[in-house]
Amino acid sequence: MKNWEKYIRKVEPYVPGEQPENTDVVKLNTNENPYPPSPKAYEAARDFDFDRLRLYPDPEAGVLTEEIARRYNMSSDRIFVGVGSDDVISMCFMTFFNSDKPVLFPDISYSFYSVWAELHRVKYEQVSLDENFNIIPESFYRENGGIIFPNPNAPTALYMELEKVEDIIRHNQDSIVIIDEAYIDFGGKSAIEFVDKYDNVLVVQTFSKSRSMAGIRIGYAFGSPALIRALNDVKFSFNSYTMNAYSLVCGSAAMADEEYFNECVAKIIKTRENAKSELTRLGFEFPDSKANFIFAAHRSVPAAYLFEELKKRGIYVRYFNKPRIDNYLRISVGTDDQMKKLFYALEEIIDGCNSGLKA
Ligand code: PMP
């Protein structure tokens with residue numbers, strides 16, 4: 001081993017879902033929105049003054065922060081924006097999780113949390129979900145150096161009622177509690193109200209799911225002015241220009257289009273509810289989803305097999321080969337047409353298995 005090799009920071013990276021080049025596939029593997037971004041964002045993109053790219057972007061991300069502030073009726077000193085919520089959360093780990101005590105998050109959750117903890121050299125412990133994948137608030141009643149959990153949780157899609165979220169916060173006034181609301185717009189109630197009530201709470205949201213803009217990379221956090229200042233201090237010590245000029249303009253236009261946002265979210269919820277009936281009919285079981293995906297296990301056909309067979313038919317879903325969840329598929333909610341193709345393919349695969357068993 002060369003001497004310098006000893007000093008390389010070694011991390012096992014997060015593995016994102018596949019992004020196949022073939023655009024013909026039915027892509028239900030990364031919880032993207034199947035509908036296009038707001039037409040207002042298109043207009044903003046069309047009118048974007050390309051010459052502006054000569055200049056550095058606004059380091060304060062002013063237009064976007066102001067638009068988010070307007071939408072959520074929140075002062076802009078309570079808002080931090082970043083390059084997707086991944087960037088925002090990573091920045092939170094760096095800024096707030098520096099205690100000797102472990103940071104806590106659920107054992108079945110967004111797998112990036114442990115990657116950030118390793119990267120930023122933060123001690124962590126994973127707390128167990130109950131046998132139905134619910135977060136148990138009492139499991140967070142112990143000394144810690146911070147807490148983070150998604151609501152709804154991923155990949156289970158289970159939503160936790162706000163009383164329980166508040167219970168976790170109330171029992172943890174000495175640490176920062178981060179609620180990752182990547183999927184909150186699909187039927188849950190946001191914990192934003194706790195940002196005013198508790199100065200140790202951060203709520204993180206994203207443009208990637210309900211706003212159909214995973215490619216633009218915008219995420220944001222709400223928190224007390226002191227927390228937002230601390231985040232900005234770290235950001236400005238790291239990279240002042242995280243938000244590019246184009247994203248700022250297109251993102252703020254999309255944020256202003258409430259009508260389109262509501263329309264898309266309603267369509268996805270309707271398709272999801274129909275998908276629950278179809279999946280039940282096909283013999284699947286799943287926790288009740290309040291997200292734009294369903295975490296489903298089939299009663300007789302193994303998930304790994306279904307995953308491979310679907311892929312052969314050009315249908316991509318997500319499969320995690322991990323303890324307790326290795327018999328589940330995480331299926332993003334697509335358009336009605338995409339879901340029809342999925343159900344057709346599943347029926348074919350499952351029937352094939354059942355007739356194989358009978359033969
Ligand atoms: N949190 C959760 C729970 C997620 O599932 C995702 C999507 N992979 C993110 C955060 C990050 O999303 P983005 O960086 O696209 O905002």
Side-chain angles (χ1 to χ4, degrees), residues 13-19 27-34 37 61 64 68 79-94 103-117 119 126 129 133 135 147-160 165 177-188 190-191 202-222 231 235 242-244 247-248 250-251 254-255 261 268 272 287 289-295 316-320 322 325 328-333:
Y14 171 75
V15 184
E18 249 178 291
Q19 294 291 352
K27 196 172 173 307
L28 306 173
N29 66 335
T30 48
N31 298 343
E32 288 139 333
N33 195 311
L64 179 60
I68 298 172
I79 299 167
F80 175 81
V81 297
V83 187
S85 50
D86 281 342
D87 179 51
V88 173
I89 300 169
S90 176
M91 219 49 104
C92 289
F93 268 66
M94 220 191 313
V103 165
L104 307 179
F105 46 85
D107 59 344
I108 297 170
S109 194
Y110 187 30
S111 44
F112 223 141
Y113 298 157
S114 54
V115 176
W116 285 314
L119 173 68
Q126 291 167 291
L129 301 181
F133 295 140
I135 290 177
I147 289 176
I148 180 164
F149 56 87
N151 196 31
N153 196 6
T156 63
L158 269 176
Y159 171 70
M160 176 165 50
V165 174
V177 179
I178 303 176
I179 301 137
D180 176 355
E181 293 192 336
Y183 302 103
I184 196 67
D185 295 323
F186 301 105
S190 172
L202 282 156
V203 170
V204 180
Q205 296 191 359
T206 176
F207 274 57
S208 299
K209 319 293 179 184
S210 53
R211 291 183 197 275
S212 303
M213 288 179 111
I216 203 113
R217 310 305 301 131
I218 301 176
Y220 47 101
F222 300 107
L231 273 170
K235 175 200 132 157
T242 53
M243 308 304 294
N244 69 71
S247 300
L248 292 179
C250 298
M255 183 52 81
F261 163 79
I268 290 166
R272 177 190 70 204
S289 166
K290 282 270 191 292
N292 67 336
F293 57 91
I294 297 174
F295 195 53
Y316 283 51
V317 296
R318 193 91 197 257
Y319 172 68
F320 300 96
K322 288 187 179 169
I325 59 170
Y328 283 82
L329 297 176
R330 193 195 67 188
I331 305 165
S332 307
V333 176

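Counting convention: from 1, in listed order, for ligands and their atoms alike. Residue numbers start at 1 and run along the sequence shown. This one's a predicted model, so the numbers in the text were calculated from it and none came from an experiment.
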Original post:
Do any nitrogen or oxygen atoms of Ser85 come within less than 3.5 Å of a nitrogen or oxygen of ligand 1?
Top reply: yes

Subject >> Among Tyr110, Tyr183, Phe207, Tyr220, closest by any non-hydrogen atom to atom 5 (O) of ligand 1 >> reply: Tyr183

Subject >> Proximal candidate to atom 7 (C) of ligand 1 [heavy atom criterion; set Lys209, Gln205, Arg330] >> reply: Lys209

**OP:** For the residue pair Tyr183 and Phe293, categorise the inter-ring angle as parallel (less than 30°), tilted (30 to 60°) or perpendicular (more than 60°).
**Re:** perpendicular

**OP:** Tell me which protein heavy atom sits closest to atom 3 (C) of ligand 1, plus the residue, atom name and distance to 0.1 Å.
**Re:** Asp180 OD2, 3.4 Å

Original post:
Is Arg211 reaching over with its side chain to a backbone N or O of Ser208, donor-acceptor style, under 3.5 angstrom?
Top reply: no

**OP:** Kindly compute the distance separating CD1 (Ile216) from CG (Asn244), expressed to the nearest 0.5 Å.
**Re:** 7.0 Å

**OP:** Check ligand 1 against Ser208 and write out every atom of the ligand that is under 4.0 Å from a heavy-atom position of the residue.
**Re:** 13 (P), 15 (O), 16 (O)

**OP:** Considering only non-hydrogen protein atoms, determine which one is nearest to atom 14 (O) of ligand 1 and report residue, atom name and distance to 0.1 Å.
**Re:** Arg217 NH2, 2.8 Å

Original post:
Rounded to the nearest 0.5 Å, how far apart are CG of Asn292 and CG of Asn31?
Top reply: 5.0 Å

**OP:** Within a distance under 4.0 Å of any heavy atom of Gly84, pick out the atoms of ligand 1 and give their elements.
**Re:** 14 (O), 16 (O)

Original post:
So, Asn33 side chain and Lys209 main chain: donor-acceptor pair closer than 3.5 Å or not?
Top reply: yes

**OP:** Enumerate the atoms of ligand 1 whose separation from the nearest heavy atom of Ala182 is less than 4.0 angstrom.
**Re:** 1 (N), 2 (C)

Original post:
What residue and atom, counting heavy atoms only, is the protein's closest point to atom 11 (C) of ligand 1, and at what distance?
Top reply: Asp86 OD1, 3.0 Å

**OP:** Kindly state whether the ring of Tyr110 and the ring of Phe105 have centres lying under 6.0 angstrom apart.
**Re:** no

Subject >> Beyond-backbone contact of Phe320 with Pro155, side-chain heavy atoms, under 4.5 angstrom >> reply: yes

